[in-house]
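Encoded as structure tokens, the structure appears first; notes follow it.
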Amino acid sequence: MNETLHQAAQAYLEHLRTQGKKERTLYTYGKDFEQIEAFFGSERKLSSVLIPHVGKFFKSDALLKLPNGRERSTPTVEKTKRVLRMFLIWAKETGRIDKLPLPKDTPMGRSAKKGGQRDDEHDAIEAPVAEQS
């Protein structure tokens with residue numbers, strides 16, 4: 001599978017739609033992908049996105065600033081990072097990529113909310129931790 005970032009993002013949004021996500025959620029995730037694609041390039045092959053690229057995105061003005069140059073709010077930045085993380089985990093699980101291109105310090109999900117309800121089904125997935133030798 002040699003999809004572009006845009007093709008894979010669309011497939012992910014379609015996957016979330018089939019999971020019963022609300023249209024509002026799909027809309028905001030779509031906006032996150034617009035930002036992500038603007039940084040990486042929508043025609044970029046998903047398989048060519050590597051850890052250093054994701055690390056750069058997490059520190060980039062594309063993520064941290066609004067088009068008018070003002071700082072984006074921390075919750076907004078964190079949500080975009082979370083959407084990218086969940087998308088990359090999904091891409092690995094569905095065989096679109098072999099390795100997760102996430103920097104070591106990427107938070108891998110939050111603890112469950114009150115009443116055991118999770119914000120997103122992907123938060124339940126724990127990333128394997130590399131053993132130290």
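Throughout, numbering of the chain's residues begins at 1 and tracks the sequence.
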Taking the side chain as everything from C-beta on, heavy atoms only, tell me whether [X] gets closer than 4.5 Å to [Y].
{"X": "Glu23", "Y": "Tyr27", "result": "no"}
{"X": "Phe40", "Y": "Val54", "result": "yes"}
{"X": "Arg82", "Y": "Tyr29", "result": "yes"}
{"X": "Thr4", "Y": "Arg44", "result": "no"}
{"X": "Glu3", "Y": "Lys45", "result": "no"}
{"X": "Lys79", "Y": "Asp32", "result": "yes"}

Check your understanding: Any idea how Tyr12 and Phe33 line up, ring-wise: parallel (<30°), tilted (30 to 60°), or perpendicular (>60°)?
Key -> perpendicular
Point to revise | Whether Phe39 and Phe57 hold their rings parallel, tilted or perpendicular, with breakpoints at 30° and 60° | key: tilted
Check your understanding: Using a distance-only test with no angle check, is there a side-chain donor-acceptor pair under 3.5 angstrom linking Thr76 and Arg72?
Key -> no
Which heavy atom in [X] sits nearest to a heavy atom in [Y], and how many Å separate them?
{"X": "Ser42", "Y": "Glu37", "answer": "CB-OE1, 3.1 Å"}
{"X": "Leu46", "Y": "Ala8", "answer": "CD2-CB, 3.6 Å"}
{"X": "Leu64", "Y": "Phe58", "answer": "CD2-O, 4.0 Å"}
{"X": "Leu26", "Y": "Leu16", "answer": "CD2-CB, 3.6 Å"}
{"X": "Pro101", "Y": "Leu50", "answer": "CB-C, 3.7 Å"}

In Å, rounded to the nearest 0.5 Å, how long is the span from [atom1] of [X] to [atom2] of [Y]?
{"X": "Glu43", "Y": "Gln7", "atom1": "CD", "atom2": "CD", "value": "7.0 Å"}
{"X": "Arg17", "Y": "Thr25", "atom1": "CZ", "atom2": "OG1", "value": "11.0 Å"}
{"X": "Lys81", "Y": "Thr74", "atom1": "NZ", "atom2": "OG1", "value": "9.5 Å"}
{"X": "Arg85", "Y": "Thr106", "atom1": "CZ", "atom2": "OG1", "value": "8.5 Å"}
{"X": "Arg96", "Y": "Ser47", "atom1": "CZ", "atom2": "OG", "value": "12.0 Å"}
{"X": "Thr94", "Y": "Ile89", "atom1": "OG1", "atom2": "CD1", "value": "11.5 Å"}

Check your understanding: In the single-linkage hydrophobic clustering (I, L, V, M, F, W, Y; side-chain heavy atoms under 4.5 Å), do Leu63 and Ile51 co-cluster?
Key -> no
